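Worksheet for the structure shown next.
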There are 2 protein chains.
Amino acid sequence: MPAHHDEAGRTLDRVKERPTWLISRAFSRSSALLAAGFEAHGDGLRGYHYRLLAALEQWGSASQADLGRDTGIDRSDVTAALTELESRNLVERRTDPDHKRRKIVTLTPQGADALLRLDAVLDGIQEEVLAPLTAAQQRQFVDLVSRLG
Amino acid sequence: MPAHHDEAGRTLDRVKERPTWLISRAFSRSSALLAAGFEAHGDGLRGYHYRLLAALEQWGSASQADLGRDTGIDRSDVTAALTELESRNLVERRTDPDHKRRKIVTLTPQGADALLRLDAVLDGIQEEVLAPLTAAQQRQFVDLVSRLG
DNA sequence: GACCAATGTTGGCTCGGCCAACATATAGTG
DNA sequence: CACTATATGTTGGCCGAGCCAACATTGGTC
């Protein structure tokens with residue numbers, strides 16, 4: 001992400017008004033807050049882990065390939081993230097008896113707990129991110145930014 | 001940046017409404033368009049190069065350290081990017097006679113040309129990014145997202 | 001003259017994302 | 001049935017943008 005740092009130096013005219021820059025600045029702030037939140041309350045977990053836990057909670061156990069497809073995370077990254085989740089006992093991996101090549105991933109009770117904790121943290125961050133806007137502006141912004149996807 | 005890919009798989013409820021996610025999705029699209037633009041018309045240049053050229057055009061020759069401060073780019077990254085710009089003759093580096101440790105960077109005419117070309121490319125991308133919104137919505141969005149920095 | 005700060009450079013790290021190759025297993029087709 | 005194609009998990013590597021630590025050199029200040 002670009003360097004939106006603490007506004008050191010002067011302002012680059014060519015850049016400061018461009019929507020792409022404004023978006024990237026907002027993203028930068030948003031992800032700084034997210035990183036801080038994960039750092040403080042995340043037990044070393046990061047975005048990938050959260051998304052995998054959320055997918056398991058929402059759709060139940062699934063193979064790694066399906067998890068990858070549903071979360072948009074590459075198979076290889078799913079493997080790595082699951083290894084970390086497994087080592088924290090937040091997730092279990094067992095090979096599908098009907099499909100020996102496939103591994104079925106299951107959320108453990110500890111995993112469900114961790115997910116809830118992360119949810120709370122993330123909710124707090126949403127408020128922080130939108131704090132500069134009034135409630136009405138927040139609704140407007142969410143509406144508009146939704147269409148830019 | 002998160003995987004906002006072409007909406008493969010299903011939608012993660014926990015995530016899809018959160019402003020942080022929407023912002024990162026917009027950023028993802030924005031930077032995909034930027035990358036494509038630089039790829040197509042950028043002569044191998046990227047964001048750092050553009051920002052350095054823009055700073056030189058706006059404020060004139062400067063030391064690398066000052067360039068870093070004014071653009072928010074780390075000294076080390078400034079060094080690398082300038083080396084590439086210099087090898088394309090878009091920029092000149094000469095050591096300051098009064099401060100032998102300092103190097104003064106100057107925009108060449110070719111550099112100024114390149115900057116203008118990139119400006120045009122970037123302007124086109126701004127329109128593309130905001131295309132999903134009406135003109136009034138675009139103004140609203142720019143106003144709101146400006147406050148999230 | 002002895003420190004301390006600034007400068008440019010090198011090298012390395014993170015995070016999110018992406019791709020290639022590979023062994024293995026399953027499914028589909030002749 | 002045999003053969004082939006596809007799916008799966010894993011390893012290892014690459015990228016861009018950002019950030020930091022160390023270092024030699026240079027400058028300025030007590």
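For clarity, every value in this text was computed on a predicted model and none was experimentally measured. The chains referred to below are lettered A, B, ... by the order of the sequence lines, with proteins before strands, and numbering in each begins at 1. Every heavy atom of this structure was used, including side-chain atoms; hydrogens, water molecules and symmetry mates were not.
Under a hydrophobic clustering in which Ile, Leu, Val, Met, Phe, Trp and Tyr are joined whenever their side-chain heavy atoms come within less than 4.5 Å, directly or via other members, B:Ile104 and B:Leu90 fall into different clusters.
In this structure, B:Ile73 atom CD1 and D:dC19 atom P are separated by 10 Å, rounded to whole Å. In this structure, CZ of A:Phe27 is placed 13 Å from P of D:dA17, rounded to the nearest angstrom. Put simply, CD on A:Glu86 is 13 Å from P on D:dG9, counting in whole angstrom units. Look at OH on A:Tyr50: it is 19 Å from C1' on C:dC15, rounded to the nearest Å. Between B:Asp66 atom CG and C:dG8 atom C1' there is a gap of 13 Å when expressed in whole angstrom units.
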Tell me, with the steps shown, if B:Glu84 and B:Arg46 meet salt bridge (charged side-chain N to carboxylate O under 4.0 Å, His left out).
CA-CA 11 Å; B:Glu84 294 164 339; B:Arg46 286 159 300 108; 3.6 Å; yes
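Using a 4.0 Å cutoff on non-hydrogen atoms, no part of residues 33-40 of chain A comes near DNA chain C.
Note on A:Gln64: a side-chain N or O is less than 4.0 Å away from OP1 or OP2 of D:dT10. For B:Arg69, no side-chain nitrogen or oxygen approaches OP1 or OP2 of C:dA6 to under 4.0 Å. Look at B:Arg102 and you won't find any side-chain N or O under 4.0 angstrom from OP1 or OP2 of D:dT26. Between C:dT9 and B:Arg93, a contact under 4.0 Å exists linking OP1 or OP2 to a side-chain N or O.
Of the charged side-chain nitrogens involved, none lies within less than 4.0 Å of a carboxylate oxygen, so that B:Asp143 and B:Arg139 do not count as a salt-bridged pair.
The residue among A:Gly47 and B:Ala80 whose nearest nucleotide of DNA chain C is located toward the 5' end is B:Ala80.
Closest to the A:Asp77 side chain, of the nucleotides C:dG8, D:dG9, C:dC18, is C:dC18. Side-chain proximity of A:Thr79 to the nucleotides D:dT11, C:dG8, D:dT8 is greatest for D:dT11.
Listed by chain and number, the residues in a salt bridge (Lys or Arg N to Asp or Glu O under 4.0 Å) with A:Asp123 are B:Arg18 (sequence neighbours excluded). For the salt bridge (Lys or Arg N to Asp or Glu O under 4.0 Å) test, residues two or more places apart in sequence or in another chain that qualify with B:Lys16 are B:Asp13.
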Show me the donor-acceptor pairs within less than 3.5 Å that the side chains of residues 37-45 of chain B make with the rest of the protein, sequence neighbours left out.
none

Between the protein and nucleotides 27-30 of chain D, which nitrogen or oxygen pairs come in under 3.5 angstrom?
| from | atom 1 | to | atom 2 | distance (Å) |
| --- | --- | --- | --- | --- |
| D:dG27 | OP1 | B:Lys100 | N | 3.0 |

Show me the protein contacts with nucleotides 20-22 of chain C, counting only N or O atoms at under 3.5 Å.
none

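Remark: the A:Thr83 side chain and the A:Arg93 side chain contain an N/O donor-acceptor pair separated by less than 3.5 Å.
Using a 4.5 Å heavy-atom threshold, the side chains of B:Tyr50 and A:Val15 count as touching. Between A:Thr20 and B:Leu122 the shortest side-chain heavy-atom distance does not fall below 4.5 Å. No side-chain heavy atom of A:Leu52 sits under 4.5 Å from any side-chain heavy atom of A:Val91. Looking at A:Val105 and A:Leu85, their side chains never come closer than 4.5 Å, going by heavy atoms from C-beta outward.
With rounding to the nearest 0.5 Å, the separation of CG in A:Leu12 from CG in B:Leu53 is 10.5 Å.
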